[in-house]
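Scroll down for the structure; my scribbles are underneath it.
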Number of protein chains: 2
Amino acid sequence: MYTVSTSNHRYHHGNLRQALVDAALALMVETGGTDFSLREAARRVGVTVNASYRHFRNKDALMVAIAAEGFRRFGRALMEGALEADDPQGRLLGSGRAYVRFARANPSLFRLMFSSFNVGRQEEELTLAGNQAFDVLKSGLATFLDKPADSPDVAVAALRAWSLAHGLSYLILDGQLAHLPLDEDTLIERVISNHAG
Amino acid sequence: MYTVSTSNHRYHHGNLRQALVDAALALMVETGGTDFSLREAARRVGVTVNASYRHFRNKDALMVAIAAEGFRRFGRALMEGALEADDPQGRLLGSGRAYVRFARANPSLFRLMFSSFNVGRQEEELTLAGNQAFDVLKSGLATFLDKPADSPDVAVAALRAWSLAHGLSYLILDGQLAHLPLDEDTLIERVISNHAG
DNA sequence: CCGTCATGTGTACAATGTTCACATTGATCC
DNA sequence: GGATCAATGTGAACATTGTACACATGACGG
């Protein structure tokens, strides 16, 4: 997952920061929720809680780091999804599918990413990673609409696509699709692609 | 907000359950986040923490109760939004606007509602309130499409509308609309109504 | 070799969620 | 009307958590 230092430090860990991120993420996955214990994460890594304060100002800072890591993976997933097709529309649909796929595969991380956005809005790492993910969608839409990326039309279309994928992902995570008459994948496909009614 | 018992109980509160819900909600609003302290809520109500355990199994149960209360208000807001117009399409747009309006007006509550959905999925009160809110959208779409409410087409259309409003609301709460070239209300209007660029 | 700075440990503290034993209330039945 | 009893409150206690402060240890450049 991350490169460990070569020597066998008894005292110094080597890459505690990333190790804490990974441990906390693992804890979240086990719980299924978006919460974790700082102490427990440190315990897993084999280190005292206080050691983590050398790498994060407080627990919120660690959560922001996790969210940022999530957004980086997220952006990558969106790009790879876009590469599944060759035409602009296909690429757009590909990112949409990748969006939902990511949310389903990493529910806790996905939730944390978007719930810690207000907490750590001032944190540069987070906003940067978040904007980069959004840019994937925007540039895809710009080429699809054949208009400049900063035009209002592109903004509106991107926002609509983003909203659609985002809302759909959340509804799936909340189990809101279970009651519906079609199976999940068919629903996702029909919702994302634009064949209205 | 809620009817208090007539007599001046020194010991018995009268409607502690609802009072705790209100206090916790107020705390969330003050913090801006979705978290609160059970003890602090009890303190506000003028009661010991332990008293709350007569009305809620634990803190999560209180959160679920808050979320359910939120979904009831939410459902009402959607209905009122639909009543702003007379034609089916106008009603649909009305609920969409009401959806986003509710999220902006009650950000903490909105977040809690959808983040506690997995925690308290087994809780009947919550799922009931949630489904009722969703039914408002579904019935509106059924009359709009003039098809039976349980048809796949209605399901897909409802899911798409719900996703759109939901995602847009979340993106607004996350402050993702600040960077965009149009002002928020114009964006919302253009995203919700279907004039694809 | 030795300072010095980053990185770790130990101790301490207030706050929180939760539990258990006990107190108080108010309705119900004789 | 007074005893009974379930509903509803209090009080003390405990483990866990996030955080702060003083100190230990290690790596490394002069």
Side-chain angles (χ1 to χ4, degrees), chain A residues 2-28 30-31 33-67 112 115-116 119-120 123, chain B residues 2-28 30-31 33-67 112 115-116 119-120 123:
Chain A
Y2 56 93
T3 53
V4 178
S5 163
T6 58
S7 53
N8 236 2
H9 306 110
R10 260 205 330 272
Y11 211 94
H12 283 17
H13 183 277
N15 200 347
L16 184 52
R17 183 187 164 94
Q18 185 63 35
L20 282 174
V21 168
D22 291 348
L25 195 46
L27 276 175
M28 286 173 41
E30 290 176 24
T31 318
T34 166
D35 215 23
F36 64 91
S37 156
L38 190 57
R39 292 181 110 108
E40 176 70 20
R43 240 172 268 141
R44 295 254 179 133
V45 176
V47 102
T48 321
V49 210
N50 316 280
S52 53
Y53 282 86
R54 298 292 169 187
H55 301 269
F56 302 99
R57 193 165 3 94
N58 50 27
K59 186 184 174 183
D60 276 350
L62 174 50
M63 296 181 67
V64 166
I66 298 175
L112 179 71
S115 67
S116 67
V119 166
E123 310 284 340
Chain B
Y2 55 91
T3 53
V4 178
S5 165
T6 58
S7 53
N8 236 2
H9 306 107
R10 262 203 330 271
Y11 210 93
H12 285 14
H13 183 277
N15 201 348
L16 185 52
R17 183 187 164 94
Q18 184 63 34
L20 282 174
V21 168
D22 292 346
L25 194 45
L27 276 175
M28 285 173 43
E30 290 176 25
T31 318
T34 167
D35 215 23
F36 64 91
S37 156
L38 190 57
R39 292 181 111 107
E40 176 70 19
R43 240 173 268 141
R44 295 254 179 135
V45 176
V47 102
T48 322
V49 211
N50 317 280
S52 54
Y53 282 86
R54 298 292 168 186
H55 301 269
F56 302 100
R57 194 168 0 97
N58 50 28
K59 187 184 175 182
D60 276 350
L62 174 51
M63 297 180 66
V64 166
I66 298 175
L112 178 71
S115 68
S116 68
V119 166
E123 309 285 340

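Side chains are part of it too, since the values below use all heavy atoms of this structure and drop only hydrogens, waters and symmetry mates. Chain identifiers are assigned alphabetically (A, B, ...) following the order of the sequence lines, protein sequences preceding nucleic acid strands; residue numbering begins at 1 within each chain.
Using a 4.5 Å cut-off on side-chain heavy atoms (C-beta onward), A/F36 and A/M63 make contact. When side chains are defined from C-beta on, A/S115 does not count as touching B/T34, because their heavy atoms never get closer than 4.5 Å. In this structure, B/L38 and B/S52 have side chains that are in contact, with non-hydrogen atoms separated by less than 4.5 Å.
The NE2 atom of A/H55 lies 4.0 Å from the CG atom of A/L16; values are rounded to the nearest 0.5 Å.
Atom-to-atom, CG of A/N15 to C1' of C/dT7 comes out at 13 Å; the value is rounded to the nearest Å. Protein atom CG of B/D35 is 12 Å distant from nucleotide atom P of D/dG18, rounded to whole Å. For the pair B/L20 CG and D/dT8 C1', the computed distance is 13 Å after rounding to whole Å. Atoms CG (A/L16) and C1' (C/dT9) sit 13 Å apart, rounded to a whole Å. One atom, CG of A/L38, and another, P of D/dA20, lie 12 Å apart when rounded to the nearest Å. As rounded to whole Å, 14 Å separates atom P of D/dG18 from atom CZ of A/F56. Atom-to-atom, CD of A/E40 to P of D/dT16 comes out at 10 Å; the value is rounded to the nearest Å.
Side-chain atoms of A/R39 lie closest to D/dT17 of the nucleotides D/dA13, C/dG8, D/dT17. Checking D/dT17, C/dG8, D/dG18 against every side-chain atom of A/R43, the shortest atom distance belongs to D/dT17.
Side-chain atoms of B/T31 do not come within 3.5 Å of backbone N or O of B/G33 as any donor-acceptor pair.
Contact annotation: B/H55 does not reach the phosphate of D/dA7 (side-chain N/O to OP1 or OP2, under 4.0 Å). In this model, the phosphate group of C/dG17 is approached by a side-chain N or O of B/S37 to a distance below 4.0 Å at OP1 or OP2.
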With 3.5 Å as the limit, what N/O pairs link the protein to nucleotides 19-22 of chain C?
| from | atom 1 | to | atom 2 | distance (Å) |
| --- | --- | --- | --- | --- |
| C/dT19 | O4 | B/N50 | OD1 | 2.3 |

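Among the heavy atoms of the strands lying under 4.0 Å from A/F36 are primed sugar atoms or P, OP1, OP2 only; no base atom is included.
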